[in-house]
Amino acid sequence: MSRRKLQIRDLTLRDGQQSLFATRMTQEQVDRVLPYYKDAGFYAMEVWGGAVPDSIMRYLSENPWVRLEKIKAAVGDGSKLTALSRGRNLFGYNPYPEEVIEGFNRNAIRSGIGIMRIFDALNDVDNMKSTIKIVKQNGGLADCAISYTVDPKFSTKQKFRSWIHFKALPHDIFTIDYFVEKARQLEALGADMISIKDMAGLITPVKTGKLIRRLKEEVRVPIDFHTHCTPGFGLASVLSAIVNGVDIVDTSIWNFAGGPAAPAYELVHIFCHKMGIDTGVNPQAVVAINQELKTIRKELSAFDTCKEFPVEFDFTKDKLPKEVNKLFIKAIYCARHDREEELLEACQAIEKHFHFPEPDEMVKKAEIPGGMYTNMLAQLKQLKLDHLLPRVLELVPLVRIKSGCPPLVTPTSQIVGVQAVNCVIDENKDQPFFTTKSIQFVNLVKGIYGRTPIPVDPDFREELTGVREETPYDTRNYKKQENTVFEDYGDMKLAENEKDELLLELFPTVARDFLQKTVEEKYTENILQIEEEKRRKAREAREAFNRLSPAEKRERLLQGLYSWHEVSAPEEENLGRS
């Protein structure tokens, strides 16, 4: 009887380093692990998209397209390379016209991407349609991700006030039925696989099991499960997904796993080994990658959000302590029988043994992404209002409901978070809520970003935006970025090819600075090459002149075939005087 297969998507080089080290891995650091990845046998490697293009231009002065192409050249066809894209919005806030979406996806696939993970911050399927079509037309696989989120969590006070005013608070929005229906819609549009993308790590093991079972019953394409460990559910929920028949799970390698990142592959491997499941991954290659990652993590210490390294552990030869081994066995049993509390206790004890970060209780309680929480806190600290954080957290559900209950994923998590802070600022000034508002929040309520999970109250929309009806973004008003020509640099263009033009469209400010620096470097390099070419020709002329007899030298000089500066060595100067 053949063993069950489970495919693994490795997140280390994108989500892993983004979650733990602010996306600061240099090309040189990436290059050091690629030879091992070639032999690792991961089904897929997430290496691009997300914050990678922006960060490596902004902080490392590196070209995103070059990074992708170098990874592809090193890994070859050993694993499919994966990128992350926000559908119609790509990397920005506003939707892009079709030609930009087509250009980006076509070039990404040509440069090495095999799977494009497509998601929308509102789970608006219409925002994903064109990308699905374009990816498939260009030979890529369309991985359609549904952003997992939970219903707003209201305080007792908010519930009481609602009851006093006879207004029912919305509930049962993000049900199992909601996610399954989204999956069915995406499958109908041509999705090659469906991902449950739990960016905040909020999905519990029991809910994971129920969702995976329903998806496996009602959707024919493979199902991928993606989560994070921030609130402490990650490892247990991944195990629950596996025992309930998921096809692919996302993991990171040991030293780039846990905490804000995904669960460690090595722990998943141990579970799979005990359950007779084959991941197809080469364990020795993973050990080699992890050894190099430890060195790289030390080099990235200035950006390390967790600081403490996990315990050194070689899962190919180190024996588990008896008590820890029992925890793995217990966790499998509890996952199979939906015993959630015991499952969580076992998985968190396993992670504690290996010194992975403890669950973030504040994020768990607030039920928001860790990045959203830290951004709100930073905003309040800047205003010296950080003591008002509890009030901000209390207002997040109100802001979500007012804006149509968007999932808390980039960029809507930041839009909602900033607006919750703005509401507290208004309250502090004895002003009505939403007196202070960001243009992004106004656009969200207006309908610019797409259709929200629940309708926005038309009265609120009119009060906030001046229009009563939902108003989609009109790409006909889109203005292409100017491609500057630098006269001082020999009429070189800011963007010299389509890939540069796309960087300029997708990251206008960052790409402009990066590309201008590239132009300056190329111009300087050209000047140096021209000077070096002049020196080479002069050297060759002197060498040719020196091979002549004295009579031939005088003859050449008199004929003007050589100028004095071309042969200005001491011997030739004496020759001229004689």
Using modelled atom types and a 3.5 Å cut-off, is there a donor and acceptor pairing between side-chain atoms of Arg88 and backbone atoms of Pro95?
no

For a 4.5 angstrom cut-off between non-hydrogen side-chain atoms, does Glu69 reach Ser111?
yes

Can a salt bridge be assigned to the pair Glu345 and Arg339 using a cut-off of 4.0 Å between side-chain N and carboxylate O?
no

Ring centroids only, cut at 6.0 angstrom: are Phe174 and Tyr148 within range, meaning strictly under it?
no

Quick one: do Asp10 and Thr12 satisfy side-chain hydrogen bond (donor to acceptor under 3.5 Å, both in side chains)? Show the steps, please.
CA-CA 6 Å; Asp10 176 74; Thr12 305; 2.8 Å; yes

Any salt bridge linking Asp304 with Lys307? Criterion: basic side-chain nitrogen under 4.0 Å from a carboxylate oxygen.
no

For residues 267-277, tabulate all N or O donor-acceptor pairs below 3.5 Å that involve a side-chain atom, not counting sequence neighbours.
unit_1: His269; atom_1: ND1; unit_2: Tyr265; atom_2: OH; d: 2.9
unit_1: Lys274; atom_1: NZ; unit_2: Asn325; atom_2: OD1; d: 2.5

Check for me whether Arg9 meets the cation-pi criterion with Phe42, that is, NZ or CZ under 6.0 Å from the six-membered ring centre and within 45 degrees of the ring axis.
no

Pair Lys5 + Asp247: basic N to acidic O under 4.0 Å:
no

With heavy-atom distances below 4.5 Å as the criterion, would you say the side chains of Thr227 and Thr208 are in contact?
no

Contact check, side chains of Phe315 and Val286, non-hydrogen atoms, under 4.5 Å
yes

Counting the benzene-type ring for Trp, do Trp254 and Phe356 have ring centres under 6.0 Å apart?
yes

State whether the side chain of Glu46 and the backbone N or O of Thr82 hold a donor-acceptor pair below 3.5 Å, judged by distance alone.
no

Run the salt bridge (Lys or Arg N to Asp or Glu O under 4.0 Å) test against Glu312 and tell me which residues pass, sequence neighbours left out.
Lys294

Aromatic ring proximity, centroids under 6.0 angstrom, Tyr96 and Phe104
no

Examine distances only and state if a side-chain atom of Ser252 and a backbone atom of Ala264 form a donor-acceptor pair shorter than 3.5 Å.
no

May I have the step-by-step check of side-chain hydrogen bond (donor to acceptor under 3.5 Å, both in side chains) for His228 and His226, ending in yes or no?
CA-CA 7 Å; His228 291 246; His226 172 102; 3.1 Å; yes

With side chains defined as the heavy atoms from C-beta onward, is the minimum distance between Gln284 and Thr316 less than 4.5 Å?
yes

Pairwise distance CG(Leu408) to CE(Met372) - rounded to 0.5 angstrom
5.0 Å

